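Reading through the structure tokens given below for one structure.
These numbers come from a predicted model, not from an experiment. Nothing fancy with the numbering, it's 1 onward along the sequence.
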Amino acid sequence: MVDATTRFFEDLDRRGYEPLLAKTSGTVRIDLHEGAQTRHWLLRIDHGRLDVSQEDQEADTVIGTSPVLFDDIASGREHGLAALLRGDMTVSGDARLVVQVERIFPGSPDARGPRRRFVGEAD
């Protein structure tokens, strides 16, 4: 069974372009820490063009958290910026990229508003 994190990043890679990030360029590495193991996801953004890999390379922004929390963020059950403010995630480097990239994560399934509508609901 594939987890929500893997589905999220595979979907981004398949898309190849995200209009919400058309004015964004940079690299974001997500480090998912579980005990002595760390799984990496590297997102390269070039004016909305996306490239996803599992490389452990230098990045403009590095986000660290648990795989369980990131699964919740990738599935819309948790809000990334809220988790960051609670101290459940760490960020080093360019924190502005976190705010920009946060837009591409799904909103809560119970949410109303632009995010939910963007995912396919008609007006």
Residue pair [X] / [Y], side-chain heavy-atom distance below 4.5 Å:
X: Ile73; Y: Met89; value: yes
X: Leu42; Y: Val52; value: no
X: Val62; Y: Asp31; value: yes

* Test side-chain contact (heavy atoms from CB on, under 4.5 Å) on His79 and Glu102 and set out the steps. => CA-CA 9 Å; His79 191 272; Glu102 188 271 335; 2.9 Å; yes

* Do Leu50 and Ile45 pass the side-chain contact (heavy atoms from CB on, under 4.5 Å) test, and can you show the C-alpha distance, the side-chain angles, and the key distance before you say yes or no? -> CA-CA 5 Å; Leu50 305 175; Ile45 308 161; 4.0 Å; yes

* Test Thr90 against Thr65 for side-chain contact (heavy atoms from CB on, under 4.5 Å), laying out the working first. => CA-CA 7 Å; Thr90 60; Thr65 192; over 6 Å; no

Any side-chain to backbone donor/acceptor pair from [X] onto [Y]? Under 3.5 Å, distance only.
X: Ser75; Y: Ala4; value: no
X: Arg29; Y: Leu43; value: no
X: Asp60; Y: Asp94; value: no
X: Thr61; Y: Val98; value: no

* Structure fact -> By side-chain contact (heavy atoms from CB on, under 4.5 Å), Arg39 pairs with (sequence neighbours left out) Asp3, Thr5, Thr6, Leu32, Trp41, Gln54

* Would you call the rings of Phe8 and Phe105 parallel, tilted or perpendicular if under 30° counts as parallel and over 60° as perpendicular? -> parallel

When rounded to the nearest 0.5 angstrom, what is the spacing between [atom1] in [X] and [atom2] in [Y]?
X: Phe9; Y: Arg14; atom1: CZ; atom2: CZ; result: 13.5 Å
X: Ser66; Y: Glu34; atom1: OG; atom2: CD; result: 8.0 Å
X: Gln100; Y: Ser25; atom1: CD; atom2: OG; result: 9.0 Å

* Check against side-chain contact (heavy atoms from CB on, under 4.5 Å), Arg103 and Thr24 -> CA-CA 11 Å; Arg103 293 183 264 181; Thr24 303; 4.1 Å; yes

* Asked: Does Glu10 pair with Arg15 as a salt bridge, N-O distance under 4.0 Å?
  -> no

* Can Arg44 and Asp46 be counted as an ion pair, charged N to O under 4.0 angstrom? -> no

* **Residue pair Thr27 / Glu58: nearest heavy atoms and the distance that separates them** => OG1-O, 4.3 Å

* What heavy-atom pair brings Arg86 and Leu69 nearest, and what distance separates the two atoms? -> NH2-CD1, 4.4 Å

* Asked: Can a donor-acceptor pair be found between the side chains of His40 and Gln57 at a distance below 3.5 Å?
  -> no

* Give a yes or no on whether Leu81 and Val28 share a hydrophobic cluster (residues Ile, Leu, Val, Met, Phe, Trp, Tyr; joining criterion: side-chain heavy atoms under 4.5 Å apart). => yes

